[in-house]
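What follows is a short report on a single structure.
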Protein chains: 2
Amino acid sequence: MSRTAARGAETRARILGIAQDAILQKGFDATSIEEIVAAAEITKGGFFYHFPDKSALARALIERHIEIEDEIFDGLWARARELNDDPLHSALIGFRLLAEMLADMPNGHPGCIVATAAYQDRLFDAAVRDLNRRAVLGWRARFRAIFDEIAAVYPPREEIDLDALADMVSTVVEGGIVMGKALGEPHMIVGQILLFRQFVKQAFQPPLH
Amino acid sequence: MSRTAARGAETRARILGIAQDAILQKGFDATSIEEIVAAAEITKGGFFYHFPDKSALARALIERHIEIEDEIFDGLWARARELNDDPLHSALIGFRLLAEMLADMPNGHPGCIVATAAYQDRLFDAAVRDLNRRAVLGWRARFRAIFDEIAAVYPPREEIDLDALADMVSTVVEGGIVMGKALGEPHMIVGQILLFRQFVKQAFQPPLH
DNA sequence: GGTATGGTGTACCGCCGGTACGGAAACTCT
DNA sequence: AGAGTTTCCGTACCGGCGGTACACCATACC
């Protein structure tokens, strides 16, 4: 990569970082391009060279966000597997680790870009909506695999829709973020995840006696 | 009420109706005042007579939304009580009625104004955020009372945080709406509510044998 | 050393939220 | 019944934002 190309890539990365911080804090629409370019110390011309429009910025952010989130989940569940090889117990550990991670965030979860886009989807183009869809389907597949493993070892006490169960992880996370924002209690999502964990435990674990 | 006052109230109601439809379909920020006044066949001067700013419109919409939603829940749980006097069974019927109601909506739940405001709260003032908070706390109180009744008759098989459980109704609904929008499957919320219902059943109902 | 290419700045457009103010109709009081 | 007030809405305008058009400069390559 040449020196000019390297400078351009650096500028692009700086825009993405500043935009992500601002958007997670204030929402996509409340974040103006002008304030982004001011913080990045460039001008609108520079911005629109890297991104043809604001939707392209959203696309890039969502792609990056999905990658980072996947890495986080990978890391969490890898650690959980290390701690316990049983699929149910390691999943329960994974949910607890997830809850702890969220609890350790001083200001709560910064918000999910996917949800931000979902609630303002008319602002975005079809490509953003499709990215969003694929992200959610990715989460479904991830947790569906986990619950499949569990169900193979621990037959659920009642028939249960494993796709719906996998989706519920995302539902509780997204809903918890919304509720936390509405309540002004960003950590309420922790309790919701722990409660979901308890449901999973009760759904698969045989009665103790 | 005089004739002019009646005309003003009619205009105001027309603005609210048009704004609600547009906002639930496109999001708050994507709905311009200009398109609202065009649809209502008035001008901006007329709009800003009824609402000092866009936040005031949001306040009025949220207040109306909360009232309507409360009435819906009241109606649903009243019917559920008619059908079964037992607190657990009537609650389970209530959740099923809720799921059926959502399933009957051809385009899915139109979206929750509370969540819309939560994800764009920088656009609104403190009064809107406070309204939002009180709405969520109202839902918590409503379902907490229901679960208290259940717990008095059916001691949960495991200790359970009843406030978190009450909040989870809202979490699943809000999360389900977000997920439905992201997936383009507006009815996925139905499965999520039925799954939550199953969890409630398993948490309180003693094992069959 | 000229020239394509990558990267940035400047000037401008149209739309939107919001303000200021004017004016017509309806209501009120005498 | 007529004058003044209130209710309700229109017109004209401002500043900020997303976006476009295009000029400009530095580097890379021949």
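Residue numbers begin at 1 in each chain, while the letters A, B, ... track the order of the sequences.
- For the pair Lys54(A) and Phe28(A), the distance from NZ or CZ to the six-membered ring centre is under 6.0 Å and the angle to the ring normal is within 45 degrees.
- Taking 4.5 Å as the limit, every side-chain heavy atom of Gln198(A) sits out of range of all side-chain heavy atoms of Phe199(B).
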B/S/- contact track for nucleotides 10-15 of chain C, protein heavy atom under 4.0 Å: B-----
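- Closest approach to the Phe48(B) side chain among dG18(D), dG10(D), dG18(C) is made by dG18(C) (side chain taken as heavy atoms from C-beta onward).
- Comparing dG10(D), dG18(D), dG6(C) by their closest approach to the side chain of Ile33(A) singles out dG18(D).
- Taking side-chain N and O atoms only, Tyr49(A) has a distance below 4.0 Å to OP1 or OP2 of dG7(C).
- Looking at Arg81(B) and Glu149(B), a side-chain N of the basic residue comes within less than 4.0 Å of a carboxylate O on the acidic one, giving a salt bridge.
- For Ile15(B) and dC8(D), the CD1 to C1' distance is 11 Å, given to the nearest whole Å.
- Side chain of Arg197(B) to main chain of Phe95(B): no donor-acceptor pair is present (N/O by atom type, distance under 3.5 Å, no hydrogens or angles).
- Atom CZ of Arg14(A) and atom C1' of dT8(C) are 12 Å apart (whole Å).
- Put simply, CZ on Phe47(A) is 14 Å from P on dC17(D), counting in whole angstrom units.
- In this structure, CG of Leu57(A) is placed 10 Å from P of dG19(D), rounded to the nearest angstrom.
- Within the 4.0 Å cut-off from OP1 or OP2 of dT8(C), at least one side-chain nitrogen or oxygen of Thr11(A) is found.
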Full working for side-chain contact (heavy atoms from CB on, under 4.5 Å) between Leu83(A) and His89(A): CA-CA 9 Å; Leu83(A) 294 172; His89(A) 291 148; over 6 Å; no
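- In this structure, Asp29(B) places its CG atom 15 Å from P of dC17(D), rounding to the nearest Å.
- As a whole-Å value, the separation of Glu35(A) CD from dG18(D) C1' is 13 Å.
- Checked against a 6.0 Å centroid threshold, the rings of Phe73(A) and Phe143(A) count as neighbours.
- Between Met188(A) and Leu183(A), the shortest heavy-atom contact is CE-CD1, 4.0 Å.
- Atom P of nucleotide dG18(C) and atom NZ of Lys54(B) are separated by 7 Å, given to the nearest angstrom.
- Contact check, His50(A) against dG6(C): no side-chain N or O comes under 4.0 Å of OP1 or OP2.
- One can place CD of Glu10(A) at 19 Å from P of dA26(D), the figure rounded to the nearest angstrom.
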